[in-house]
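The structure appears below as structure tokens.
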Number of protein chains: 2
Amino acid sequence: MSPTATQSEATRERLIDAAGEIFAANGFRQVTVREICDRAEANIAAVNYHFGDKRGLYEAVFRHAALCAPPTQLEGPPEVRLRGAVEALLGCVFGVGRPTWYARLMMREMMEPTETLDQVVDERIRPFCDELETIVGELAGGRLADTDRRRAVRSLVAQCVYYQHCRAVIARLDPDQRFDADEQARIADHVAAFTLGGIARLASGARP
Amino acid sequence: MSPTATQSEATRERLIDAAGEIFAANGFRQVTVREICDRAEANIAAVNYHFGDKRGLYEAVFRHAALCAPPTQLEGPPEVRLRGAVEALLGCVFGVGRPTWYARLMMREMMEPTETLDQVVDERIRPFCDELETIVGELAGGRLADTDRRRAVRSLVAQCVYYQHCRAVIARLDPDQRFDADEQARIADHVAAFTLGGIARLASGARP
DNA sequence: TTGCATTTCAAATGCGCGTTTCAAAAGAGC
DNA sequence: GCTCTTTTGAAACGCGCATTTGAAATGCAA
């Protein structure tokens with residue numbers, strides 16, 4: 001062991017990685033500092049030394065996770081950009097390649113919001129939603145009021161995050177349901193089609 | 001004080017009511033037995049006496065909450081029944097009249113499923129989803145495969161529960177957003193229209 | 001009235017866990 | 001080599017909280 005600067009940094013990273021997984025899987029309260037340090041192969045005092053306290057570690061983890069934003073398709077006709085946005089969202093949820101615990105962490109943060117959530121909303125979520133509103137507006141041919149556009153964006157996002165937030169129920173209703181890349185693509189097809197239909201209906205002005 | 005059978009029952013009920021609110025608001029771990037007993041005006045030992053332990057109380061609460069199922073419109077054309085189902089779902093989420101903590105409790109249960117969730121899925125959720133599938137099938141004129149029907153039901157449900165699961169984000173994106181009965185009705189309009197459009201698009205066979 | 005069963009009460013117990021402490025290890029600068 | 005700073009290590013502290021305990025209170029039956 002050589003406690004040099006790079007070694008210290010390595011310890012920090014091991015703690016963040018271990019804590020990210022465990023926090024996402026079990027929530028803030030459930031997780032013990034001992035458990036995190038065990039997996040990170042760090043001493044019990046490392047958390048307090050590097051992050052002040054347990055909450056400081058959590059915030060570092062959340063901030064670190066928030067860095068991997070969904071990459072979106074910025075060019076092309078609105079149908080293509082819609083499809084790209086859906087895949088980006090589902091990619092976060094299904095997390096086939098990425099660190100799979102970010103979406104779960106986000107879900108937990110939504111249930112018990114802290115100040116960290118405000119930052120993430122401002123820095124990441126709002127810009128993304130603004131872009132979605134633009135796409136929806138174009139798809140509707142400019143025939144939607146602001147409120148309707150906003151609600152349509154919610155309907156779109158809802159269909160994606162549903163597979164994260166209600167996975168427990170989905171898995172029980174449909175034991176055969178898979179959550180791999182192939183299924184992700186099929187769901188993306190469905191959500192894109194359903195959303196196009198929904199927007200078309202809204203734009204047509206028909207009310208049920 | 002008269003520790004008779006009805007008094008004992010009253011204590012049980014006070015504990016369940018108090019615990020329901022507090023569990024829903026703060027989660028299982030956060031809540032202390034002391035806090036529950038304080039609000040229920042019961043002794044600290046009452047929880048262990050009546051429910052064995054804290055977990056036993058939680059399960060009793062969840063079972064009790066699961067009894068208030070969404071009342072659905074069973075007759076009429078599928079458009080009307082769809083609208084009824086949307087309102088029932090949103091009613092659970094917005095909880096304008098009902099015990100408002102059921103939806104929150106359900107959300108928590110979805111994140112950390114216990115055996116209790118299996119029962120609730122079998123007894124309440126699956127029958128409800130079966131009915132939704134029937135409605136969707138009728139709306140599509142029988143032109144949807146089972147898989148597409150199921151996904152459409154998910155898209156429908158997702159739009160409703162989104163207002164529960166992501167309320168923290170919605171409130172931050174839209175500080176003016178209200179969650180009262182009036183807004184609930186407008187959202188029901190939107191979700192019903194959006195869903196009709198989505199189903200129509202799926203039934204038309206068009207793919208993006 | 002007097003035992004008996006049920007429920008409530010206040011205090012105590014025990015323990016899990018975040019945090020602190022203080023010493024040891026290991027470079028960095030002189 | 002020697003001090004100084006940074007990082008790690010093992011053990012201990014202290015607190016919060018679920019749970020237990022044993023007695024008191026209360027109704028019921030004989």
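Letters A, B, ... mirror the listed sequences (proteins, then strands); counts begin at 1.
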B:Ser8 side chain near C:dT7 phosphate (N/O to OP1/OP2, under 4.0 Å): yes
OP1 or OP2 of D:dT6 under 4.0 Å from side-chain N/O of A:His50: no
Most 5' of A:Thr32 and A:Asn48 on DNA chain C, judged by nearest nucleotide: A:Thr32
Main-chain N/O of A:His165 paired to B:His165 side chain as donor or acceptor, under 3.5 Å: no
Nearest-nucleotide pick for [X], side chain only, options being [options]:
X: A:Ala45; options: C:dT8, C:dT21, C:dA12; value: C:dT21
X: B:Asp53; options: D:dG9, D:dT19, C:dT19; value: D:dT19
X: B:Ile44; options: D:dT7, C:dA10, C:dC17; value: C:dA10

Donor/acceptor link under 3.5 angstrom from A:Arg34 side chain onto base of C:dG16: no
Separation of atom CG in B:Leu15 from atom C1' in C:dT8, rounded to whole Å: 12 Å
DNA chain D: 5'-proximal contact among A:Thr11 and B:Val47 (nearest heavy atom): A:Thr11
A:Thr195/A:Ser155 under side chain to side chain contact (heavy atoms under 4.5 Å, CB included): CA gap, chis, key distance, verdict: CA-CA 8 Å; A:Thr195 301; A:Ser155 290; over 6 Å; no
Aromatic ring proximity B:Tyr58/B:Phe23, centre distance under 6.0 Å: yes
Side chain to side chain contact (heavy atoms under 4.5 Å, CB included) between A:Phe94 and A:Ile187, intermediate numbers included: CA-CA 11 Å; A:Phe94 281 65; A:Ile187 293 174; 3.6 Å; yes
